[in-house]
Each structure stands twice: as C-alpha cells, then as structure tokens.
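The next block holds one structure in the form of structure tokens; read it before the comments.
Numbering of residues begins at 1 and proceeds along the displayed sequence. The analysis underlying the following values was restricted to heavy atoms, covering all of them including side chains, and did not include hydrogens, waters or symmetry mates.
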Amino acid sequence: ICSSIFINKAAAVIESTTCQHLKSELIKCNIELLKYCNKNYRFPIGNCHGDLTLSNMIISNDGTINLIDYLETFFESPLQDVVKIMQDFHYGWSFRYESPAANLTAKIFCMHSTPSLFTGLKLKYKNQIKILFILTLMRIAPYVNDEITKIWLLKSLRRELIV
C-alpha cells in the first residue's frame with residue numbers, strides 16, 4: 001500500500017478537526033506518522049469488521065468470544081480490526097464512560113487478558129500496526145463531542161507518541 005494514502009488521510013483528519021487543542025495534538029501525531037510513511041508496506045488483505053472493540057463482544061465464562069455487533073464486513077486489511085481491539089486493550093475505549101471502579105476492573109482485565117496473538121502480529125507487521133495505531137486514534141478527533149472522550153483521546157494520543 002502506498003504510504004501517501006495514510007499521509008493524505010491524516011491531513012484530512014487534521015483539517016476536519018475543529019477543536020484547536022485536539023488539532024495541535026494531531027499535528028504532533030502526524031509528525032510521528034511521517035516517520036513510518038517513508039516507504040510502501042505490504043498489508044494482509046481480507047474481511048474486516050471495522051469496529052472491533054470490547055464493547056461489541058461478550059466473553060463467556062469458558063473464554064469464548066461472541067461478536068454482538070453485526071455490521072457488514074468489507075474487504076480491507078484485518079490489521080485494522082486488530083489495531084481497534086488492541087487500542088481497546090491498551091487505552092480502554094470501551095470503558096471510558098464507566099465509573100472509576102468499573103474502569104479499574106476493566107483495565108486489570110485487559111492487562112491480564114491481552115491475547116498473545118497481538119505480540120506475534122506486532123513483530124510481523126511492526127510499522128504497519130504503528131501507522132494504523134496512530135491513524136485510528138487520529139480519526140476519532142473530528143467526532144469528539146464530549147469532554148470524557150476528548151480527555152481520553154488526548155491521553156491516548158500522548159501515550160501513543162511515547163510508545
């Protein structure tokens with residue numbers, strides 16, 4: 001995939017973000033993104049859900065994962081879904097509105113339940129995952145309409161820049 005696609009998408013996100021505080025953080029992220037977009041990368045291609053987060057799943061007592069969000073899949077890179085669920089495990093998108101106690105419980109769950117699959121994929125697709133991690137966070141900015149999500153996004157963007 002030509003890296004210019006990611007550069008152009010980041011520029012469009014920055015342009016469409018109205019909150020100046022978020023926009024300044026996005027510019028920092030864009031600088032980081034450009035470090036990884038200096039060449040074209042191979043991405044696996046296949047079915048993609050597009051919104052694979054913990055809030056769209058139920059995990060049963062026996063560890064079975066059940067998808068409860070029935071969006072139509074589309075043909076893209078499944079790494080997009082991997083990055084969305086990884087971000088949920090790392091940054092807690094699905095429980096950002098929970099009470100402090102529930103939020104802590106969810107964080108502990110995520111710390112001890114992160115699938116080992118993530119490690120292997122991060123090794124094999126290191127730069128591709130980094131690009132998608134940054135861009136997927138950036139893409140939230142134009143839609144932020146509450147203070148909780150704004151604080152969550154700023155914190156996540158800043159953490160991603162130092163990872």
Side-chain angles (χ1 to χ4, degrees), residues 6 9-10 13 17-30 32-33 36 43-44 46-74 76-163:
F6 305 114
K9 181 62 180 177
V13 167
T17 300
T18 57
C19 173
Q20 291 305 311
H21 196 97
L22 282 173
K23 193 175 267 202
S24 65
E25 289 298 318
L26 294 179
I27 291 168
K28 293 175 192 173
C29 287
N30 194 44
E32 182 71 11
L33 181 67
Y36 293 90
F43 282 77
N47 286 328
C48 185
H49 179 270
D51 191 28
L52 195 60
T53 62
L54 291 171
S55 59
N56 290 331
M57 299 177 188
I58 294 175
I59 303 173
S60 63
N61 289 338
D62 67 357
T64 304
I65 297 174
N66 300 288
L67 186 62
I68 59 171
D69 181 17
Y70 300 104
L71 294 175
E72 288 188 32
T73 61
F74 49 93
E76 196 178 279
S77 178
L79 285 183
Q80 185 65 39
D81 283 339
V82 169
V83 165
K84 287 282 286 187
I85 193 71
M86 284 173 73
Q87 284 180 340
D88 218 357
F89 272 90
H90 290 274
Y91 301 134
W93 169 261
S94 290
F95 41 92
R96 70 191 184 281
Y97 292 117
E98 298 296 331
S99 69
N103 197 297
L104 180 59
T105 300
K107 285 179 183 177
I108 291 169
F109 165 79
C110 287
M111 282 175 27
H112 297 287
S113 303
T114 302
S116 58
L117 170 68
F118 293 171
T119 305
L121 288 171
K122 282 173 79 172
L123 290 172
K124 184 171 184 173
Y125 298 105
K126 179 182 176 184
N127 291 335
Q128 294 93 321
I129 286 177
K130 185 66 174 180
I131 289 167
L132 291 174
F133 238 90
I134 294 169
L135 196 54
T136 300
L137 284 172
M138 289 178 74
R139 289 174 61 187
I140 296 168
Y143 305 101
V144 172
N145 58 12
D146 64 86
E147 197 64 22
I148 290 172
T149 302
K150 180 181 172 183
I151 291 167
W152 176 90
L153 182 56
L154 286 168
K155 183 177 172 183
S156 299
L157 288 168
R158 289 172 184 152
R159 283 179 57 196
E160 190 56 37
L161 290 176
I162 59 174
V163 172

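Smallest separation of non-hydrogen atoms from Cys29 and Ile134: O-CG2, 3.8 Å. Closest non-hydrogen pair, Ser77 versus Cys48, comes out as O-SG, 3.7 Å. The minimum heavy-atom distance linking Leu54 with Ile85 is given by the pair N-CD1, 3.7 Å. The minimum heavy-atom distance linking Arg159 with His90 is given by the pair NH2-O, 3.3 Å. The two residues Gly46 and Pro78 have their closest heavy-atom pair at N-CD, 3.6 Å. Among all heavy-atom pairs drawn from Met138 and Leu157, the shortest one is N-CD2, 4.2 Å.
Separation of atoms CG (Leu154) and SG (Cys19) is listed at 7.0 Å; rounding is to 0.5 Å. To the nearest 0.5 Å, the span separating CE on Met86 from CG on Leu121 amounts to 7.5 Å. Separation of atoms CG (Asp81) and OG1 (Thr53) is listed at 10.0 Å; rounding is to 0.5 Å. Separating the CG atom in Leu33 from the CZ atom in Phe6 is a distance of 8.5 Å, to the nearest 0.5 Å. Once rounded to the nearest 0.5 Å, the distance linking OG of Ser99 with CG of Leu104 reads 9.5 Å. The structure places NZ of Lys28 at 13.0 Å from CG of Asn30, a figure rounded to the nearest 0.5 Å.
No option in Val144, Ile27, Ile140, Leu26 other than Leu26 meets the side-chain contact (heavy atoms from CB on, under 4.5 Å) test with Thr17.
With a 6.0 Å radius and a threshold of 12 heavy atoms from other residues, nucleotides or ligands, Asp62 has its CG atom above the threshold. Other residues, nucleotides and ligands contribute more than 12 heavy atoms inside 6.0 Å of the CZ atom of Phe74.
A donor-acceptor contact shorter than 3.5 Å links the side chain of Gln87 to the backbone of Phe133. In terms of modelled atom types and a separation under 3.5 Å, the side chain of Asn56 and the main chain of Ile68 share no donor-acceptor contact. In terms of modelled atom types and a separation under 3.5 Å, the side chain of Arg96 and the main chain of Trp93 share a donor-acceptor contact.
Residues satisfying the side chain to side chain contact (heavy atoms under 4.5 Å, CB included) criterion with Ser156, sequence neighbours excluded, are Tyr91, Leu137, Trp152. Residues satisfying the side chain to side chain contact (heavy atoms under 4.5 Å, CB included) criterion with Thr18, sequence neighbours excluded, are absent altogether. When the side-chain hydrogen bond (donor to acceptor under 3.5 Å, both in side chains) test is applied to Asp88, the partners found at least two apart in sequence or on another chain are Ser94. Looking at residues two or more places apart in sequence or on another chain, you find a side-chain hydrogen bond (donor to acceptor under 3.5 Å, both in side chains) between Thr136 and Gln80. With sequence neighbours excluded, no residue satisfies salt bridge (charged side-chain N to carboxylate O under 4.0 Å, His left out) with Lys150.
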side-chain contact (heavy atoms from CB on, under 4.5 Å) assessment of Glu160 paired with Lys130: CA-CA 9 Å; Glu160 190 56 37; Lys130 185 66 174 180; 2.9 Å; yes

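The closest side-chain heavy-atom distance from Leu52 to Met57 is below 4.5 Å.
Residue pairs meeting the ring-ring contact (aromatic ring centres under 6.0 Å, His included) criterion with at least one member in residues 105-127, sequence neighbours excluded, are Phe89-Phe118.
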